[in-house]
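Some notes on the structure that comes next.
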Amino acid sequence: MVLVLQAGLNCILNMILPNSFYTRTDVVTIARDLPGKFLVTEIHGVRTSGMIVEVEAYAGIKDRASHAYGGRRTKRTEVMFAQGGVAYVYLCYGLHQMFNVVTNVSGVPHAILIRGIEPVEGIDVMLERRKYSVLKPSLTGGPGSLSAALGITTVLTGCQLSGPEIKVEDRGVGFSVEEIVACPRIGVDYAGEDALLAYRFYIRGNRFVSRAKK
DNA sequence: CAAACGATTTTCT
DNA sequence: GAAAATCGTTTGG
């Protein structure tokens with residue numbers, strides 16, 4: 001009885017997002033829903049997690065900032081065409097692992113880049129992975145940094161986001177519209193008019209949100 | 001097959 | 001604030 005109650009409670013407090021969360025067709029809406037959700041990894045049995053605080057939406061074939069712009073379908077981008085609910089991890093600048101959530105139905109290559117998390121579980125492990133001695137915003141602020149802290153690499157591309165290696169959970173944390181800031185994406189100046197779209201969302205005032213360059 | 005480049009981070013000045 | 005680090009992916013010849 002106790003076990004059942006605990007399982008039930010755990011289910012309510014740590015609900016793994018269902019596939020229907022990701023297969024919705026508006027990637028911007030999904031992106032706005034992600035801040036406040038929890039990204040959990042279990043790599044070689046080691047658990048680390050953090051609350052998502054910053055994301056960017058990439059709207060597929062019509063978005064010049066997207067890897068899938070124009071329907072570009074290559075070995076690297078192939079996973080973006082999968083049904084929503086899997087990971088897209090790619091290497092940037094030869095050294096940074098970028099973690100994305102694939103969304104929309106099969107055949108529509110939409111994705112959301114996770115740009116920042118606030119550490120929650122396994123902080124000691126994250127410090128070790130990053131060779132940090134103290135917790136500071138750059139530990140998990142920025143897309144390459146959070147992947148390194150959580151142990152996410154390109155080998156996890158294509159993984160289901162319902163586990164076991166990677167999970168995204170709703171733990172009942174929510175934010176009001178005023179607390180979620182919408183603004184243009186970072187590092188996509190090459191995208192012309194699409195660079196102006198307010199596809200970046202972050203939690204106002206959170207220390208783990210990356211700063212836009214000037 | 002060669003070459004340019006990027007949804008970045010860190011370090012040095 | 002500028003520059004280096006660093007390599008898989010993509011594109012062009």
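In what follows, chains are A, B, ... by sequence order, proteins preceding strands, each numbered from 1.
Test F38(A), F21(A), Y22(A) against V168(A) for side-chain contact (heavy atoms from CB on, under 4.5 Å) and you get one pass: Y22(A).
At least one side-chain nitrogen or oxygen of R115(A) sits closer than 4.0 Å to the OP1 or OP2 atom of dT8(B). Remark: T74(A) is in phosphate contact with dT10(C), judged by side-chain N or O atoms under 4.0 Å from OP1 or OP2. Within the structure, every side-chain polar atom (N or O) of R76(A) is placed at least 4.0 Å from both OP1 and OP2 of dG6(B). Contact annotation: R72(A) side-chain N/O to dT11(C) OP1/OP2 distance is under 4.0 Å. At dT9(C), none of the side-chain N or O atoms of H67(A) fall inside 4.0 Å of OP1 or OP2 (strictly under the cut-off). Contact between the side-chain N/O atoms of Y190(A) and the OP1/OP2 oxygens of dC5(B) is not found at any separation under 4.0 Å. Between Y90(A) and dT10(C) there is no side-chain polar atom (N or O) within less than 4.0 angstrom of OP1 or OP2.
In this structure, the side chains of Y202(A) and I180(A) stay at 4.5 Å or more apart for every pair of heavy atoms.
The side chain of S138(A) lies closest to dT10(B), out of dT6(C), dA7(B), dT10(B). The side chain of M98(A) has dT8(B) as its nearest neighbour among dT8(B), dT10(B), dG8(C). Taking the side chain of L91(A) as heavy atoms from C-beta on, and the options dC7(C), dT9(B), dA5(C), the nearest nucleotide is dC7(C). Picking from dT10(C), dT10(B), dT8(B) the nucleotide with the shortest atom distance to the side chain of T77(A) gives dT10(C).
Salt-bridge check for K62(A) with E193(A): failed, with every basic side-chain N at 4.0 Å or more from each acidic carboxylate O. By the 4.0 Å N-to-carboxylate-O rule, R204(A) lies too far from E178(A) to be salt-bridged with it.
Taking atom CD of E54(A) as the reference point, atom C1' of dT8(B) lies 13 Å away to the nearest angstrom. If you measure from atom NE2 of H96(A) to atom C1' of dA4(C), you get 11 Å, rounded to the nearest angstrom. Atom CG in D194(A) sits roughly 13 Å away from atom C1' in dA7(B) (whole-Å rounding). We find that OH of Y199(A) is positioned 17 Å from P of dA7(B), with the value rounded to whole Å. To the nearest angstrom, C1' of dG6(B) lies 13 Å from CG of L113(A). Note: NZ (K131(A)) to C1' (dT9(B)) measures 15 Å, nearest angstrom. Atom CZ in R73(A) sits roughly 15 Å away from atom P in dT11(C) (whole-Å rounding). As a whole-Å value, the separation of I186(A) CD1 from dA7(B) P is 13 Å.
Within the 4.0 angstrom heavy-atom criterion, only backbone atoms of the sugar-phosphate kind lie near R130(A); the bases stay farther away.
Between Y93(A) and dA5(C), no base-stacking contact is recorded for ring centres under 5.5 Å apart and planes less than 30° from parallel.
Under a cut-off of 6.0 angstrom, the local environment of CZ in R207(A) is sparse, with at most 12 non-hydrogen atoms contributed by other residues, nucleotides or ligands.
Pair assignment for dT6(C): none, as no Watson-Crick or G-U wobble contacts are both less than 3.5 Å. In this entry dC1(B) has dG12(C) as its Watson-Crick or G-U wobble partner, both defining distances falling under 3.5 Å.
Residues satisfying the ring-ring contact (aromatic ring centres under 6.0 Å, His included) criterion with Y90(A), sequence neighbours excluded, are H67(A), Y88(A).
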